[in-house]
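Atom set for the values below is all heavy atoms of this structure, side chains included, hydrogens, waters and symmetry mates excluded. None of these values were measured; they are calculated from a predicted model. Read the numbers this way: they start at 1 and go in the same order the structure lists the ligands and their atoms.
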Amino acid sequence: MLFSAALLIVGCLGSTVGLENGLARTPPMGWMSWTIFWCQIDCIKYPGKCINERMYKDMADRLVEDGYKDFGYNRVHIDDCWMEMKRDKTGTLIADRDRFPSGIQALSRYMHAKGILLGIYEDYGNKTCGGYPGSQYYLEKDANTFAEWEVDYLKLDGCYAEEDDMAIGYPAMSDFLKKTGRDIVYSCSWPAYLEDEPEKVDYNVIGKYCNLWRNYGDISAKWSSIQKIIDYYTENQDKLIPAAGPGRWHDPDMIVVGQNTVTPDQSRTQMSLWSIWSAPLIMSNDLRVIKPVYKKILQNSLVIAVDQDPLGIMGRMIFNNSDFAVYLKPITPVDTDKNLYSYAVVFFNRNTDRSSVVSIMYGQLGLNNPLGYFVQDLWENQYLGLKRSIDVYVATIPPTGVKMIKATLAHKFFIDTPTA
Ligand SMILES: *[C@@H]1O[C@H](CO)[C@@H](O)[C@H](O)[C@H]1NC(C)=O
Ligand SMILES: *[C@@H]1O[C@H](CO)[C@@H](O)[C@H](O)[C@H]1NC(C)=O
């Protein structure tokens, strides 16, 4: 704990009401197969790297034994390609008999015994994107099947569906899931399929039915892909920010840190900005062979705490020039009487070919608390001191990299000196 006397009470901030299932009050964290193993179903040629129960168990083991779970990564998510090509005679979905011989319920019990939650994938349309049976005409049946299998999370994709049906189908599935009585976090791909028709995307409605939602194209483990998502989220921030909050999150897609095609600097950028946005931190990598440098980035508890801050505010870009952009997120502790926040700040150098130097007064960032802020560098894990509005923050940011600081509100009741 940074302070022994955190006396401030966090008031009611914002008036958005999310899906009333009480779930995902902080952004979900875990691991998902798609952006590393895709739809690889050839387990003879690619043992250990195909979609089967062994691989998901391996990842659950790694989350627990390599410490990820202690940092909050407590979910394993099955993505597409887990099913048989046909439902059974009763219309029930079945997991591929060769690749999931024990079935999904056995898999969720394996996870639960380790304190890991299991996520599953389906599609709202006729077929999944990979061509497996979709939930159309079977929404209630599939909701009941997932509940029977003791699944804790559903990602409902939107391939092979009529876009105009989505405003009926996605809410219907939300109700069916709720009716099962099981706590199932609901992730909707609904707005992602309306990307070309933004006027049809009403996040107030989507947030009533979904705990989180994809709204943009799939990520891949390349800088150009990460950069595109950053641009989309930044350009649309005025529409996105009011819709986010506890229980209702935008999902800019998986964390690709740990794949060797993304550099450590780019990895820190992804973790930092996703945390500024209160985004889900769902990794897609091979935890069995991950390099220590990436593991350390994924296990930075200071950055994760920004992502998981209980206020659940989505931060915004407040400044941008050709050298760097600044992103700011209000976080706890807060002085509600004076309406003063603490902040996480990210300085991002979007250039791919040169470092840039930041030199900016804290006051220019809007950090004007007369008593100042205790400032900590979150990637260097270094305490920078008590800073007031006229003090200057100076740093050099590597290409496609970031600096990230936390500025904790100084207050007469906060008596401890923070330690890094
Ligand atoms: C889904 O299947 C039904 C029944 O075969 C068909 O009428 C409908 O057009 C299909 N929808 C899509 C989006 O493929
Ligand atoms: C930020 O500034 C750069 C350089 O001027 C520009 O290319 C980019 O589009 C800007 N980004 C946003 C989101 O305004």
Side-chain angles (χ1 to χ4, degrees), residues 27 191-192 194-199 201-203 212-245 249-257 262-263 265-281 303 306-307 312-331 341 343-367 378-379 392-405 407:
L194 300 173
E195 200 196 312
D196 298 332
E197 303 167 280
E199 69 285 353
V201 176
D202 182 344
Y203 286 117
L212 63 155
W213 48 82
R214 291 280 310 285
N215 35 22
Y216 190 65
D218 286 355
I219 198 165
S220 61
K222 295 189 296 224
W223 175 245
S224 58
S225 171
I226 297 170
Q227 171 77 74
K228 261 202 237 161
I229 294 171
I230 294 172
D231 287 346
Y232 177 85
Y233 265 63
T234 306
E235 283 156 17
N236 291 283
Q237 61 179 7
D238 290 337
K239 182 170 181 182
L240 298 177
I241 287 167
W249 312 106
H250 300 288
D251 179 4
D253 212 4
M254 288 161 269
I255 296 287
V256 290
V257 175
V262 178
T263 69
D265 279 329
Q266 293 163 357
S267 300
R268 283 182 277 267
T269 297
Q270 197 195 14
M271 282 293 283
S272 300
L273 289 178
W274 266 235
S275 297
I276 285 286
W277 294 326
S278 298
L281 300 178
V303 174
V306 170
D307 181 73
I313 294 172
M314 180 179 181
R316 68 165 57 241
M317 188 185 82
I318 56 161
F319 177 83
N320 180 42
N321 66 17
S322 57
D323 292 322
F324 61 91
V326 183
Y327 291 78
L328 190 77
K329 175 183 181 177
I331 55 173
Y341 289 83
Y343 292 96
V345 189
V346 169
F347 303 89
F348 165 46
N349 176 6
R350 62 190 294 120
N351 296 299
T352 53
D353 55 350
R354 60 189 165 91
S355 296
S356 60
V357 175
V358 175
S359 176
I360 198 162
M361 283 196 305
Y362 288 92
Q364 289 177 284
L365 303 170
L367 273 58
L378 302 189
W379 287 112
V392 179
Y393 177 78
V394 182
T396 303
I397 325 169
T400 67
V402 287
K403 286 281 178 179
M404 185 171 190
I405 59 172

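For the residue pair Lys329 / Ser275, no side-chain donor-acceptor distance below 3.5 Å is found, with atom types taken as modelled. Tyr327 and Ser272 form no side-chain donor-acceptor contact under 3.5 Å, judged by distance and modelled atom types alone.
For an aromatic pair to be called close, the ring centres must be under 6.0 Å apart, and Tyr203 with His250 satisfies this.
In this structure, atom 11 (N) of ligand 2 is in close contact with the protein, since a protein heavy atom lies within 4.0 Å of it.
Here the protein heavy atom with the shortest distance to atom 7 (O) of ligand 2 is Arg350 NE, 4.5 Å.
The ligand atoms of ligand 2 that sit less than 4.0 angstrom from a heavy atom of Ser322 are 4 (C).
Comparing heavy-atom distances from atom 2 (O) of ligand 2 across Asn320, Ile230, Thr234 singles out Asn320 as nearest.
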Exercise. Evaluate side chain to side chain contact (heavy atoms under 4.5 Å, CB included) for Ile276 paired with Met317, printing each intermediate quantity in order.
Key: CA-CA 9 Å; Ile276 285 286; Met317 188 185 82; over 6 Å; no
